[in-house]
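For the numbers below, each heavy atom of this structure counts, side chains included, while hydrogens, waters and symmetry mates do not. Note that this is a predicted model, so its numbers are computed, not measured.
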Amino acid sequence: MHCNAQVTTALLHKYAEPDDEGMEKLREAITKMNMSARAYDRILKVARTIADLESSVTVRQHHIMEAIGYRNLDSSNHFNM
């Protein structure tokens, strides 16, 4: 694999599973913004990329929040962080 965009769902759950605080924020955003499972995966991929840029082994809450923020830029749905 050359980039996080190529990661399968199974690998995504292995390498991009967020910490507890990040998972809580992600679930909250998915519910409030009525997102699909595909959107969930896309947010995790972006969060994993952000974590990689910080050389972070784990995906943390602030990575999830930043990924949600980017999603808000492309959407009319807004989630207050």
side-chain contact (heavy atoms from CB on, under 4.5 Å), that's the test. Do Asp41 and Thr9 meet it? Break it down for me.
CA-CA 7 Å; Asp41 284 356; Thr9 300; 3.1 Å; yes
side-chain contact (heavy atoms from CB on, under 4.5 Å) for Glu17 and Met23? Distances and angles first, verdict last.
CA-CA 8 Å; Glu17 200 68 26; Met23 184 59 83; 2.7 Å; yes
Could you walk me through whether Ile43 and Arg71 pass the side-chain contact (heavy atoms from CB on, under 4.5 Å) test, one step at a time?
CA-CA 8 Å; Ile43 289 172; Arg71 177 130 181 114; 4.0 Å; yes
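To the nearest 0.5 Å, atom CZ of residue Arg27 and atom NZ of residue Lys25 are 13.5 Å apart. A distance of 10.0 Å separates OG1 of Thr8 from NZ of Lys14, quoted to the nearest 0.5 Å. To the nearest 0.5 Å, atoms NE2 (His62) and CD1 (Ile64) are separated by 10.5 Å. Note that CZ of Arg42 and CG of Leu12 are 12.5 Å apart. Values are rounded to the nearest 0.5 Å. Annotation: the span from Ile68 atom CD1 to Met35 atom CE amounts to 6.0 Å, rounded to 0.5 Å.
When the side chain to side chain contact (heavy atoms under 4.5 Å, CB included) test is applied to Tyr15, the partners found at least two apart in sequence or on another chain are Leu11.
Across all non-hydrogen atoms, the minimal contact from Tyr70 to Ile50 is CE1-CD1, 3.9 Å. Smallest separation of non-hydrogen atoms from Arg48 and Val57: NH1-O, 3.0 Å. What you find for Ala47 and Ala67 is that their closest heavy atoms are N-CB, 3.7 Å. For the residue pair Ala16 and Val59, the shortest heavy atom distance occurs at O-CG2, 3.7 Å.
In terms of modelled atom types and a separation under 3.5 Å, the side chain of Thr58 and the main chain of Arg60 share no donor-acceptor contact.
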